[in-house]
Amino acid sequence: QVQLVESGGGLVQPGGSLKLSCAASGFTSDTYAIGWFRQAPGKERQGVSAISSSDGDTYYGDSVKGRFTISKDNAENTVYLQMNSLKPEDTAVYYCAADESAFVAGNIAQWSDFEKYLEVWGQGTLVTVSS
């Protein structure tokens, strides 16, 4: 059974940086997709970023392109989300999600569309961007 544990959220000033971590365990396959969604108060959950284990392809939502970077440490089975130039509108609960479907891993560009089908979710970590 896959389990995901997020960490790294907190309070940061606009323009600052934070690095989120998602420690994964229990994968039964080398092929999977893993990444992040976020949900701001009163808004729908949206895809932020994801990475495919099979080819290393990545996905970034339009609002975070050029500011956020996803990376994966295979030895530690941990995915990181480096968030720079943070804005107040980045304030949200950030959720790590994963799926061992080869279809999802092979179509990472559609990460946002897969939200309802993803198998495993973390508990979420709160990021607050405020002065």
Side-chain angles (χ1 to χ4, degrees):
Q1 183 178 355
V2 178
Q3 291 187 320
L4 306 172
V5 178
E6 303 106 327
S7 61
L11 174 64
V12 63
Q13 291 188 341
S17 298
L18 273 179
K19 188 174 185 177
L20 304 183
S21 301
C22 174
S25 61
F27 284 122
T28 59
S29 168
D30 289 335
T31 299
Y32 57 87
I34 186 167
W36 300 87
F37 284 79
R38 69 185 182 185
Q39 188 165 23
K43 295 189 176 180
E44 293 187 352
R45 196 157 51 186
Q46 64 174 182
V48 176
S49 183
I51 187 166
S52 169
S53 71
S54 56
D55 52 20
D57 277 356
T58 57
Y59 162 86
Y60 293 98
D62 288 341
S63 61
V64 307
K65 283 179 183 175
R67 301 187 297 123
F68 291 11
T69 302
I70 192 168
S71 61
K72 185 171 169 294
D73 184 328
N74 292 327
E76 297 289 332
N77 253 356
T78 299
V79 171
Y80 300 100
L81 185 68
Q82 178 66 46
M83 306 186 295
N84 298 330
S85 302
L86 283 162
K87 305 174 182 180
E89 51 264 44
D90 294 317
T91 295
V93 177
Y94 284 70
Y95 297 92
C96 184
D99 198 284
E100 292 189 88
S101 162
F103 180 79
V104 176
N107 293 277
I108 206 69
Q110 275 77 53
W111 175 253
S112 246
D113 297 333
F114 292 138
E115 179 193 350
K116 291 181 173 55
Y117 308 102
L118 298 177
E119 294 176 336
V120 186
W121 292 81
Q123 80 284 359
T125 186
L126 177 63
V127 172
T128 303
V129 184
S130 175
S131 53

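Values below: all heavy atoms of this structure, side chains included; hydrogens, waters and symmetry mates excluded.
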Verdict with supporting geometry, W121 and F37, ring pair (Phe, Tyr, Trp, His ring centres under 6.0 Å) = CA-CA 10 Å; W121 292 81; F37 284 79; 5.2 Å; yes

query = Cut-off 3.5 Å, side chains only: do S17 and N84 have a donor facing an acceptor?
reply =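 There is such a pair between these side chains.
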
ask   = Going by the disulfide bond (SG atoms under 2.5 Å apart) test, which pairs reach into residues 38-94, not counting sequence neighbours?
value =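 Residue pairs with at least one partner in residues 38-94: there are none.
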
query = Quick one: NZ on K72 to CG on N77, what's the gap to the nearest 0.5 Å?
reply =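 With rounding to 0.5 Å, NZ (K72) is 6.0 Å from CG (N77).
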
Report yes if some heavy atom in the side chain of [X] is under 4.5 Å from a heavy atom in the side chain of [Y]; otherwise report no.
| X | Y | value |
| --- | --- | --- |
| Q1 | S25 | no |
| L11 | S130 | yes |
| M83 | K19 | no |
| E100 | V2 | yes |
| V93 | T125 | no |
| I108 | T58 | no |
| Y59 | V48 | no |
| L20 | R38 | no |

request  = Using the side-chain contact (heavy atoms from CB on, under 4.5 Å) rule, take F68 and L86 through it: C-alpha gap first, then chi angles, then the decisive distance, then the call.
outcome  = CA-CA 9 Å; F68 291 11; L86 283 162; 3.8 Å; yes

request  = Hey, could you give me each pair passing ring pair (Phe, Tyr, Trp, His ring centres under 6.0 Å) that has a residue in residues 80-106? Not counting sequence neighbours.
outcome  =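 Listed once each, the pairs are F103-F114.
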
inquiry  = Going by the rule side chain to side chain donor-acceptor pair (under 3.5 Å), which residues pair with D99 if we only count those two or more places apart in sequence or in a different chain?
reply    =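 D99 satisfies side chain to side chain donor-acceptor pair (under 3.5 Å) with no other residue.
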
[X] versus [Y], closest heavy-atom pair with distance:
| X | Y | result |
| --- | --- | --- |
| A98 | L4 | N-CD1, 3.7 Å |
| A105 | S52 | O-OG, 2.7 Å |
| Q46 | S63 | OE1-OG, 4.2 Å |
| P14 | S131 | CD-N, 3.7 Å |

inquiry  = Would I34 and S53 count as a side-chain contact (heavy atoms from CB on, under 4.5 Å) here? Give the steps.
reply    = CA-CA 8 Å; I34 186 167; S53 71; over 6 Å; no

Between [X] and [Y] (side chain of the first, backbone of the second, donor and acceptor by atom type, cut-off under 3.5 Å), is there such a pair?
| X | Y | answer |
| --- | --- | --- |
| E6 | C22 | no |
| T91 | T128 | no |
| D73 | E76 | yes |
| D90 | K87 | yes |

task = List the steps, then state whether side-chain contact (heavy atoms from CB on, under 4.5 Å) holds for L118 with W111.
result = CA-CA 9 Å; L118 298 177; W111 175 253; 3.7 Å; yes

query = Considering residues at least two apart in sequence or located in another chain, which fulfil the salt bridge (Lys or Arg N to Asp or Glu O under 4.0 Å) criterion with K65?
reply =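 Scan of K65 (salt bridge (Lys or Arg N to Asp or Glu O under 4.0 Å), adjacent residues dropped) gives D62.
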
inquiry  = The criterion is salt bridge (Lys or Arg N to Asp or Glu O under 4.0 Å); which residues satisfy it with E115, sequence neighbours excluded?
reply    =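 Partners of E115 under the salt bridge (Lys or Arg N to Asp or Glu O under 4.0 Å) test: R45.
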
message = Would a single hydrophobic cluster contain both V127 and Y60, if residues Ile, Leu, Val, Met, Phe, Trp and Tyr are joined by side-chain heavy-atom contacts under 4.5 Å?
response =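 Same cluster: Y60 reaches V127 through Ile, Leu, Val, Met, Phe, Trp or Tyr contacts under 4.5 Å.
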
key: Same cluster (ILVMFWY, side-chain, under 4.5 Å), W36 and I51   =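 Both belong to a single hydrophobic cluster.
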
query = For Q123, does the CD atom have more than 12 heavy-atom neighbours from other residues, nucleotides or ligands under 6.0 Å away?
reply =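 Yes.
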
ask   = Residues in ring pair (Phe, Tyr, Trp, His ring centres under 6.0 Å) with F27, at least two apart?
value =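 Scan of F27 (ring pair (Phe, Tyr, Trp, His ring centres under 6.0 Å), adjacent residues dropped) gives Y32.
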
